[in-house]
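Working notes, beginning with the structure itself.
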Number of protein chains: 4
Amino acid sequence: MARGVNKVILIGNVGGDPETRYLPNGNAVTNITLATTDSWKDKQTGQPQERTEWHRVVFFGKLAEIAGQYLNKGSQVYVEGRLQTRKWQGQDGQDRYTTEIVVDQGGVMQMLGGRGNNEGGQRAPRDNGGYQQQAPQQQQQRPQQAPQQSAPQPQADYDSFDDDIPF
Amino acid sequence: MARGVNKVILIGNVGGDPETRYLPNGNAVTNITLATTDSWKDKQTGQPQERTEWHRVVFFGKLAEIAGQYLNKGSQVYVEGRLQTRKWQGQDGQDRYTTEIVVDQGGVMQMLGGRGNNEGGQRAPRDNGGYQQQAPQQQQQRPQQAPQQSAPQPQADYDSFDDDIPF
Amino acid sequence: MARGVNKVILIGNVGGDPETRYLPNGNAVTNITLATTDSWKDKQTGQPQERTEWHRVVFFGKLAEIAGQYLNKGSQVYVEGRLQTRKWQGQDGQDRYTTEIVVDQGGVMQMLGGRGNNEGGQRAPRDNGGYQQQAPQQQQQRPQQAPQQSAPQPQADYDSFDDDIPF
Amino acid sequence: MARGVNKVILIGNVGGDPETRYLPNGNAVTNITLATTDSWKDKQTGQPQERTEWHRVVFFGKLAEIAGQYLNKGSQVYVEGRLQTRKWQGQDGQDRYTTEIVVDQGGVMQMLGGRGNNEGGQRAPRDNGGYQQQAPQQQQQRPQQAPQQSAPQPQADYDSFDDDIPF
DNA sequence: TTTT
DNA sequence: TTTT
């Protein structure tokens with residue numbers, strides 16, 4: 001049920017350990033940044049060139065839990081999701097926009113590279129400062145409203161991944 | 001020649017007539033916005049829901065010329081490109097970031113819907129205020145440097161499509 | 001839940017009216033052929049060239065019903081599915097293999113071109129020779145076993161679309 | 001320049017060492033088989049299920065050389081190409097059809113898994129029975145015609161990868 | 001700002 | 001067998 005197609009396919013390396021938090025309804029949300037690198041030769045000089053693009057990827061639901069458990073900084077991963085731009089308020093009160101790749105029920109996450117990609121499988125749980133993983137309300141820095149939203153269309157009703165990263 | 005995959009596939013409707021301009025080297029750059037709409041039923045209430053996502057698409061080179069000539073407001077189009085985030089300066093001097101779908105030599109543009117999608121084919125050339133299309137330097141509002149960039153990786157060394165649109 | 005990615009994305013024109021039948025469990029299966037055409041210029045002579053590829057697409061479940069109702073000969077359609085090769089017996093007793101694009105729950109079908117693509121919407125139901133659509137057992141030319149298969153992996157436990165078409 | 005989209009995206013493991021041969025014009029052609037595996041839980045019984053699909057992938061040109069040099073049995077690889085069905089004669093004189101994923105200039109091949117995926121890089125050249133790699137005419141078991149074909153549309157004017165594999 |  |  002849709003008019004149009006909105007699909008993103010990425011293979012890249014995870015920029016840092018995943019950040020998982022939980023919505024009031026208990027659903028997990030995991031954020032990562034993903035680097036894809038293109039390399040080519042300059043047509044004029046023949047010099048090798050390289051450009052790395054950083055992508056914000058946000059997982060919802062079951063994939064958020066898997067991503068939070070099994071991805072590490074450096075993991076190579078295949079991700080299939082959709083583009084979504086959300087609006088937020090800068091400290092100066094001005095509107096900012098952030099474009100993310102949303103990976104939920106209709107999306108795909110595949111860890112690549114087989115054995116060794118994640119040092120034998122599940123990452124040791126990180127220190128989370130004593131907060132309970134299953135009762136994560138205290139992790140939320142800003143008030144959360146009950147989601148008015150049904151599953152297939154999470155409208156970014158979650159805390160921003162990292163307000164310091166400007167895009 | 002690349003590490004990673006960075007691919008976007010969109011089918012949507014063009015939000016306005018395309019904007020074409022020309023780089024100092026004569027290469028065309030065309031900007032459009034593209035709407036993709038998802039619809040679904042709310043799991044709780046069963047109510048039909050809808051969400052439209054707007055994408056900034058920028059074409060380079062030959063596809064920029066074709067897009068500029070044949071796309072109209074409302075055209076349905078298939079686009080295959082890659083994600084790229086570019087940095088720009090807000091009027092307050094602060095950094096802003098805009099994520100675009102870049103469609104160049106390695107990308108694809110396909111007009112959909114056959115006859116009738118563009119009212120019989122090529123759009124009448126818009127009034128461009130008397131500027132020459134092939135000598136477009138005067139259209140540039142800001143100084144342009146010579147591109148240090150070879151073809152496959154345009155690094156957004158072009159004027160912003162529309163500074164008023166905040167993302 | 002998968003190791004690997006198996007994805008096909010097609011935009012093409014439907015070669016004939018869809019063929020819908022029903023499995024013993026009542027699930028619909030719809031077959032179409034889909035033409036995709038590439039055109040290019042011969043590098044030597046500069047002559048325009050063209051090649052049409054025909055694809056066998058098989059829809060399952062809800063999408064099978066929609067495809068059967070709304071697609072026509074000539075319709076332009078976007079299809080996202082996976083490759084699957086099934087084995088069958090030629091009249092000479094030898095094994096033959098047919099590769100199809102399977103579009104089921106995890107797949108996508110999008111009609112393109114808006115109004116007019118299907119002459120105003122739903123096609124008139126074709127004459128089916130007096131068989132009941134919901135009790136289609138008599139349409140099956142060969143004995144059917146109960147499907148041992150759960151939804152996401154239909155293993156071609158359906159009658160062949162058209163034994164005369166050799167691939 | 002095309003009407004339609006014909007795209008296949010696969011991530012899988014290579015089933016055997018690649019087979020490279022050379023066309024009369026010196027261009028390389030490399031064949032591999034690629035396994036993609038889906039796993040899911042049976043809806044009725046809850047039992048884990050698994051299905052492996054084997055794909056025939058044929059690389060042309062530069063990617064054929066890279067694939068021939070760097071892929072091994074077991075390598076995990078990302079492949080982007082297009083579907084093509086070619087006709088051939090069975091020993092009984094009957095027409096057979098084989099569907100392949102063609103990866104040429106417009107396609108993509110990416111080795112996955114970083115270091116270790118191919119045991120340190122380039123595979124040792126296999127024994128080729130004393131034939132010269134760059135003068136491969138004697139490797140051809142059947143007469144070859146000069147290709148009447150320009151680059152973007154190789155029409156399978158090469159020897160069959162393996163006549164014993166029936167699809 | 002598009003489309004159904 | 002489709003479409004432009």
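If you're wondering where the values come from, they're calculated on a predicted model, not measured in any experiment. Residue numbering restarts at 1 for every chain, and letters A, B, ... go by the order of the sequence lines.
Using a 4.5 Å heavy-atom cutoff, the side chains of D:Ile101 and D:Arg82 are not in contact.
In summary, of the residues considered (B:Val29, B:Ile32, B:Thr30), a side chain to side chain contact (heavy atoms under 4.5 Å, CB included) with B:Val58 occurs for B:Val29 alone.
Atom-to-atom, CD of C:Gln76 to C1' of F:dT1 comes out at 16 Å; the value is rounded to the nearest Å. Rounded to whole Å, atom P of F:dT1 lies 15 Å from atom CD of C:Glu19. Nucleotide E:dT2 holds its C1' atom 8 Å from the CG atom of B:Leu34, rounded to whole Å. The separation between C:Ile11 atom CD1 and F:dT4 atom C1' is 15 Å, rounded to whole Å. The separation between C:Ile32 atom CD1 and F:dT1 atom C1' is 12 Å, rounded to whole Å. Between C:Asn72 atom CG and F:dT3 atom P the separation is 11 Å, expressed in whole Å. F:dT2 atom P lies 16 Å from atom CD of C:Glu53, rounded to whole Å. Rounded to whole angstrom, the span from the OH atom of B:Tyr78 across to the C1' atom of E:dT2 amounts to 20 Å.
Of all non-hydrogen atoms in B:Glu100 and B:Asn31, the two that sit nearest each other are OE2-OD1, 4.2 Å.
One donor-acceptor pair, N or O on each side, does fall under 3.5 Å between the base of E:dT2 and the side chain of B:Thr52.
Of all nucleotides listed (F:dT1, E:dT3, E:dT1), F:dT1 comes nearest to the side chain of C:Thr33. The side chain of D:Arg3 sits closest to F:dT4 out of F:dT4, E:dT2, F:dT2.
Residue side chain C:Trp54 fails the stacking definition with respect to F:dT2, as its ring centre and the base's six-membered ring centre are not both under 5.5 angstrom apart and under 30 degrees in plane angle.
Note that CZ of D:Arg3 and CD of B:Gln110 are 9.5 Å apart. Values are rounded to the nearest 0.5 Å.
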